[in-house]
Amino acid sequence: MKKAAENKFNELHNLVTEDFLKRVKSGEATTQDLKAACDWLKTNDITGVAYNGNPLDKLAEVMPELNPELVQRRLYGKREVRQR
């Protein structure tokens with residue numbers, strides 16, 4: 001079986017990316033679509049930097065701050081979690 005040429009992989013990569021963009025921009029993206037798009041970004045080593053006023057910054061502003069001790073207490077009750 002002949003291996004696909006690099007331009008075919010690039011075309012497929014572009015089509016998948018464009019489809020994710022279309023779904024997200026149209027507001028039709030489901031939770032599964034958004035998760036898949038995030039996985040797609042991670043798989044392709046795409047990262048972002050939150051700077052004043054950009055969408056990543058706005059998302060960070062609405063995310064609640066987590067208290068690691070509170071999370072551990074809620075997960076494990078009052079018992080102490082030992083560090084290894």
Side-chain angles (χ1 to χ4, degrees):
M1 181 179 217
K2 186 177 177 185
K3 204 172 187 180
E6 185 175 344
N7 65 336
K8 293 293 183 184
F9 288 113
N10 289 337
E11 181 180 3
L12 178 59
H13 190 277
N14 186 53
L15 288 170
V16 171
T17 302
E18 289 297 325
D19 188 56
F20 280 135
L21 281 170
K22 183 182 96 182
R23 290 182 201 190
V24 172
K25 285 182 176 182
S26 71
E28 297 173 2
T30 64
T31 303
Q32 279 185 308
D33 292 334
L34 295 173
K35 170 74 171 104
C38 289
D39 290 345
W40 181 249
L41 292 170
K42 182 178 179 183
T43 298
N44 287 279
D45 293 323
I46 305 299
T47 59
V49 176
Y51 59 86
N52 193 22
N54 79 344
L56 192 55
D57 180 51
K58 290 176 183 176
L59 178 61
E61 287 177 7
V62 298
M63 296 295 293
E65 281 194 37
L66 294 177
N67 177 330
E69 292 176 13
L70 179 60
V71 171
Q72 285 189 355
R73 278 198 307 267
R74 288 190 177 170
L75 284 173
Y76 304 109
K78 291 188 178 187
R79 66 183 175 155
E80 290 185 28
V81 177
R82 295 183 184 173
Q83 300 285 333
R84 290 184 186 202

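Quick caveat: nothing in here was measured; it's all calculated off a predicted structure. Numbering starts at 1 and runs along the sequence shown.
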Peer 1: Run the numbers on Val49 and Leu56 for side chain to side chain contact (heavy atoms under 4.5 Å, CB included), then give the verdict.
Peer 2: CA-CA 7 Å; Val49 176; Leu56 192 55; 5.7 Å; no
Peer 1: To the nearest 0.5 Å, tell me how far Asn10 CG sits from Leu15 CG.
Peer 2: 11.0 Å
Peer 1: Under a 3.5 Å threshold, yes or no: a donor from one side chain and an acceptor from the other, between Thr30 and Asp33?
Peer 2: yes
Peer 1: Indicate if Leu12 and Phe20 have the same hydrophobic cluster label, given that clusters are the connected sets of ILVMFWY residues with side-chain heavy-atom separations under 4.5 angstrom.
Peer 2: yes
Peer 1: For the pair Thr31 and Lys35, evaluate side chain to side chain contact (heavy atoms under 4.5 Å, CB included) and give the outcome as yes or no after the intermediate values.
Peer 2: CA-CA 6 Å; Thr31 303; Lys35 170 74 171 104; 5.6 Å; no
Peer 1: Kindly compute the distance separating CG (Asn67) from CZ (Arg73), expressed to the nearest 0.5 Å.
Peer 2: 6.5 Å
Peer 1: Determine whether a donor-acceptor pair (N or O, by modelled atom type, separation under 3.5 Å) exists between the side chain of Asp19 and the backbone of Val16.
Peer 2: no
Peer 1: Measuring from atom NZ of Lys22 to atom OG1 of Thr17, what distance do you get when rounded to the nearest 0.5 angstrom?
Peer 2: 13.5 Å
Peer 1: Please round to the nearest 0.5 Å and tell me the distance separating atom CG of Asn44 and atom CG of Asp39.
Peer 2: 11.0 Å
Peer 1: Would you give the length of the straight line joining atom CD of Glu6 to atom NE2 of His13, rounded to the nearest 0.5 angstrom?
Peer 2: 11.5 Å
Peer 1: Are Trp40 and Phe9 joined in one hydrophobic group, where the rule is that I, L, V, M, F, W and Y side chains link up if heavy atoms are under 4.5 Å apart?
Peer 2: no
Peer 1: Heavy atoms only: give me the nearest Ser26-Arg23 pair and the separation to one decimal.
Peer 2: OG-O, 3.1 Å
